[in-house]
Q: 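If you scroll down you'll find the structure; I have some questions about it.
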Amino acid sequence: QVQLVESGGGLVQAGGSLRLSCAASGRTFSTRAMGWFRQAPGKEREFVAAISRSGGSTYYADSVKDRFTISRDNAKNTVYLQMNSLKPEDTAVYYCAADDLDGSYYHVVDYDYWGQGTQVTVSS
């Protein structure tokens, strides 16, 4: 089993930045691809970013490309999401997810473990 705990959410003005962290339990963090998703009220959970097990490949939704950066520190069992130039439409609960198979990244069903989520609110 893997437990994921997100942190770093909060309230920020448009144009500001936040850095989300996701700490994973267990000794197999480096064998799993990791992803970030978000869910706004009344909307489906959507893909934001993902990173391969080694950190050598990253993937982004078009809506966040060039503004968000995903990274990981396998020594600390932690994945990060640096969010810059935030917009009100980025407001959502952000979820961290882990994938036992490192090969498909864009869909909710690709992931096996989920965190409880952290709220990000961007004011205009």
Q: Identify whether NZ of Lys or CZ of Arg in Arg38 sits under 6.0 Å from the centre of the six-membered ring of Tyr95 and within 45° of that ring's axis.
A: no

Q: Identify whether the distance between the nearest side-chain nitrogen and carboxylate oxygen of Lys87 and Asp90 falls below 4.0 Å.
A: no

Q: Between atom CG of Leu101 and atom CG of Asp110, what is the distance when rounded to the nearest 0.5 Å?
A: 9.0 Å

Q: Counting C-beta onward and ignoring hydrogens, is there a side-chain heavy-atom pair between Phe29 and Lys76 closer than 4.5 Å?
A: no

Q: Would you say Tyr60's side chain and Ile70's backbone share a donor-acceptor pair under 3.5 angstrom?
A: yes

Q: Taking atom CG of Asn84 and atom CG of Asp66, what is their separation to the nearest 0.5 Å?
A: 11.0 Å

Q: Are Tyr80 and Val64 connected into the same hydrophobic cluster when the rule is that any two of I, L, V, M, F, W, Y join if their side-chain heavy atoms are below 4.5 Å apart?
A: no

Q: Nearest 0.5 Å, please: how far is CD in Glu89 from OG in Ser63?
A: 9.0 Å

Q: Any donor-acceptor pair under 3.5 Å linking the side chain of Arg67 with the backbone of Gln82?
A: no

Q: Ignoring hydrogens, what is the shortest heavy-atom contact between Ala98 and Met34? Give both atom names and the distance.
A: CB-SD, 3.6 Å

Q: Taking the side chain as everything from C-beta on, heavy atoms only, tell me whether His107 gets closer than 4.5 Å to Phe47.
A: no

Q: For a 4.5 angstrom cut-off between non-hydrogen side-chain atoms, does Ile51 reach Val79?
A: yes

Q: Look up atom CZ in Arg72 and atom OG1 in Thr58, then write down how far apart they are to the nearest 0.5 Å.
A: 12.0 Å

Q: Counting N and O atoms only, with roles assigned by atom type, does the side chain of Glu6 sit under 3.5 Å from a partner on the main chain of Cys22, one being a donor and the other an acceptor?
A: no

Q: Decide whether Val5 and Tyr113 are clustered together by the hydrophobic rule: side chain heavy atoms of Ile, Leu, Val, Met, Phe, Trp, Tyr closer than 4.5 Å, transitively.
A: no

Q: Can you find a side-chain donor-acceptor pair between Asp73 and Thr78 that sits under 3.5 Å?
A: no

Q: What closest approach, in Å, do Leu81 and Ala49 show between heavy atoms, and which atom pair accounts for it?
A: CD1-CB, 4.1 Å

Q: Anything under 30° is parallel, anything over 60° is perpendicular, the rest tilted; go ahead and classify Tyr105 against Tyr59.
A: parallel

Q: Please check if the side chain of Asn74 supplies one atom and the backbone of Arg53 the other of a donor-acceptor pair under 3.5 Å.
A: yes

Q: For the aromatic rings, using the six-membered ring if either is Trp, is the centroid distance between Trp114 and Phe37 under 6.0 Å?
A: yes

Q: Determine whether a donor-acceptor pair (N or O, by modelled atom type, separation under 3.5 Å) exists between the side chain of Arg45 and the backbone of Ala40.
A: no

Q: Please check if the side chain of Asp112 supplies one atom and the backbone of Asp99 the other of a donor-acceptor pair under 3.5 Å.
A: no

Q: Heavy atoms only: give me the nearest Val2-Ala24 pair and the separation to one decimal.
A: CG1-CB, 4.5 Å

Q: For Ser124 and Pro88, indicate whether the former's side chain and the latter's backbone hold a donor-acceptor pair under 3.5 Å.
A: no

Q: May I ask you to check whether over 12 heavy atoms, not counting those of Gln3, lie within 6.0 Å of atom CD?
A: no

Q: Determine yes or no for a side-chain-to-main-chain donor-acceptor pair under 3.5 angstrom, with Thr118 supplying the side chain and Gly9 the backbone.
A: yes

Q: Are side-chain heavy atoms of Leu20 and Val120 found at a separation under 4.5 Å?
A: yes

Q: State whether the side chain of Thr91 and the backbone N or O of Val122 hold a donor-acceptor pair below 3.5 Å, judged by distance alone.
A: yes

Q: What distance separates Glu46 CD from Trp36 CH2, expressed to the nearest 0.5 Å?
A: 14.5 Å

